[in-house]
Every structure is written in C-alpha cells, then in structure tokens.
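A short write-up of the structure that comes next.
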Amino acid sequence: MSKQFWKAGNMLYPVPAVMVSSKRPGEKPNIITVAWAGTVCSDPVMVSISVRPERYSYDIIKETGEFVINLVNKELVFATDYCGVKSGRDVDKFKEMHLTPMTSRFIEAPGIEESPVNLECKVKDVLELGSHHMFLAEVLGVTIDEKYMDSNGKFNLNSSGLVSYSHGEYFELGKNLGKFGYSVKKKK
C-alpha cells in the first residue's frame, strides 16, 4: 500500500448536501446550500450548520436565530447547486428554481415544499471558528413528504434518492450495505 501525506484539510467526505432556508420579516426568503451540516445531539435534538460570515444567509440566520434544513434528493440536485453558487443578494432563488416556500409550524423561516424532509431549527449558540461560524441549533419540528411512507406507516427516507457531496461532486445514495448492528447479530 502506498500513501501520500498532505497538509491539513477538510477531507471528511461524503457529507450531506442540504439547502438551508431562512427569512427576515418583511423580506423574501433565501436559500443557501450547505455541505457542512451535521447531527450534534439526540436529546435535545440538535444539529449544526457552518456558514461563512460574508454569505448573504449568514446575517439573516444570525439576526433571526432560525433556519430550516431541507434534505436534498436527486430531483433537487440542480437547484442545490444553483443555490450554492448564486447569492440571494442578486437573485430570488425560490423563484429562479421554481421552489415553493412552505410555512413552518414553529418558526418564521419557510421550508422548501419539494424537499423530502424539513427540519425547523432554532439557533442556540454561534461558534466563531475562523473561515466559518457554526450555528448550533435545536430541531423544533420535522416535516416529511408522505409519498415516502409505506402501507405499514414506515418512513422510507432511503428510497427518496438522497444526495451527498464528496470532493466537489454530488452523488445519489444507493446500495444498502448493512443495517445498524448487523456485524454482531446472531446468525440463524
């Protein structure tokens, strides 16, 4: 085996590609694409997103203290890329990408109707880390698309064509390699 040593860098791939929506009162809603999003805690349910302070959405999220994480599937990958390269200062991303703002139950920021899952988030802390600031947020509510529910009431999120981001490229998640705990499950 041959390996090379590189300087420190963010090579923790793949990561979820998500669209984060936010809105100031009286203004149009905005969307920013974030690849640095993750689970932080399960009780209370908390997540994080990291955003550069110069981004248009940064001030909106910091001022309002809320945002919606919208999961991305293959149908949304074009809009996801667009929302990551265009600024809300210049364009209305909902309008340009034909996305529908969805009323949230617990916060003012809208979700994206076309997303399979929307997580309504309330900022609890902002960590100013350097190039990016991390918004730690509590998840107040989750909305799911019923078309991924089966006849037994199970939510089949993995059938929605979820997208990940890895080293500058988008990938649809696919082949199931195992289930949590399969490595220690007793064989019959």
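Every value quoted in this text rests on a predicted model; they were computed, and no experiment measured them.
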Contact summary for [X] and [Y], nearest pair of heavy atoms:
X      : Y      : value
Val68  : Ala109 : CG2-O, 3.6 Å
Glu114 : Thr100 : OE2-OG1, 2.7 Å
Ile107 : Glu120 : N-OE1, 3.6 Å
Asn30  : Ser57  : ND2-OG, 2.7 Å
Lys23  : Pro110 : CB-CD, 3.8 Å
Met97  : Cys83  : CG-SG, 4.4 Å

Just by distance, with hydrogens left out, do [X] and [Y] show a side-chain donor and acceptor under 3.5 Å apart?
X      : Y      : value
Ser21  : Asn70  : yes
Ser160 : Asn73  : no
Asp81  : Tyr170 : yes

Margin query: Evaluate Tyr58 against Phe135 for ring-ring contact (aromatic ring centres under 6.0 Å, His included), listing each step before the verdict.
Written below: CA-CA 10 Å; Tyr58 177 88; Phe135 291 93; 5.4 Å; yes
Single-linkage hydrophobic cluster, 4.5 Å side-chain cutoff, [X] and [Y] together:
X      : Y      : value
Tyr13  : Trp6   : yes
Leu162 : Val18  : yes
Val117 : Leu140 : no
Trp36  : Val72  : no
Leu76  : Phe155 : no

I'd like to check [X] versus [Y] (side-chain heavy atoms, cut-off strictly below 4.5 Å). Are they in contact?
X      : Y      : result
Arg55  : Ile32  : yes
Val163 : Phe171 : no
Met102 : Asn118 : yes

Are the side chain of [X] and the backbone of [Y] linked by a donor-acceptor contact shorter than 3.5 Å?
X      : Y      : answer
Asn152 : Lys154 : no
Ser87  : Arg89  : yes
Asn156 : Asn158 : no
Ser22  : Ile61  : no
Lys86  : Val91  : no

Distance (rounded to the nearest 0.5 Å) between [X] [atom1] and [Y] [atom2]:
X      : Y      : atom1 : atom2 : value
Glu66  : Ile60  : CD    : CD1   : 11.5 Å
Thr143 : Arg105 : OG1   : CZ    : 7.0 Å
Tyr165 : Thr33  : OH    : OG1   : 10.0 Å
Glu96  : Ile31  : CD    : CD1   : 11.0 Å

Lys/Arg-Asp/Glu bridge criterion (N-O < 4.0 Å) met for [X], [Y]:
X      : Y      : result
Glu63  : Arg24  : yes
Lys124 : Glu138 : yes
Glu108 : Lys122 : no

Sorted by chain and number, sequence neighbours left out, ring pair (Phe, Tyr, Trp, His ring centres under 6.0 Å) with His98 holds for none
Students should find that the hydrophobic cluster of Leu136, defined by side-chain heavy atoms under 4.5 Å apart, otherwise consists of Val40, Met46, Leu127, Leu129, Met134
Practice prompt. Could you go through the side chain to side chain contact (heavy atoms under 4.5 Å, CB included) check for Ser131 and Arg52 one step at a time?
Written response: CA-CA 6 Å; Ser131 65; Arg52 289 181 180 268; 3.8 Å; yes
Q) Run the side chain to side chain contact (heavy atoms under 4.5 Å, CB included) check on Leu71 and Leu157 step by step: do they pass? A) CA-CA 10 Å; Leu71 297 191; Leu157 178 60; 4.2 Å; yes
- prompt: Under the side chain to side chain contact (heavy atoms under 4.5 Å, CB included) criterion, do Cys121 and Ile69 qualify, and how do the steps go?
  reply: CA-CA 7 Å; Cys121 303; Ile69 295 177; 4.2 Å; yes
Are Phe94 and Lys28 close enough, and set up right, to give a side chain to side chain contact (heavy atoms under 4.5 Å, CB included), and what steps lead you there? CA-CA 9 Å; Phe94 274 96; Lys28 70 180 176 6; over 6 Å; no
- Message: Atom CD of residue position Glu146 - does it have more than 12 heavy atoms of other residues, nucleotides or ligands inside 6.0 Å?
- Response: no
Tell me whether Phe78 at atom CZ has more than 12 heavy atoms from other residues, nucleotides or ligands lying less than 6.0 Å away. no
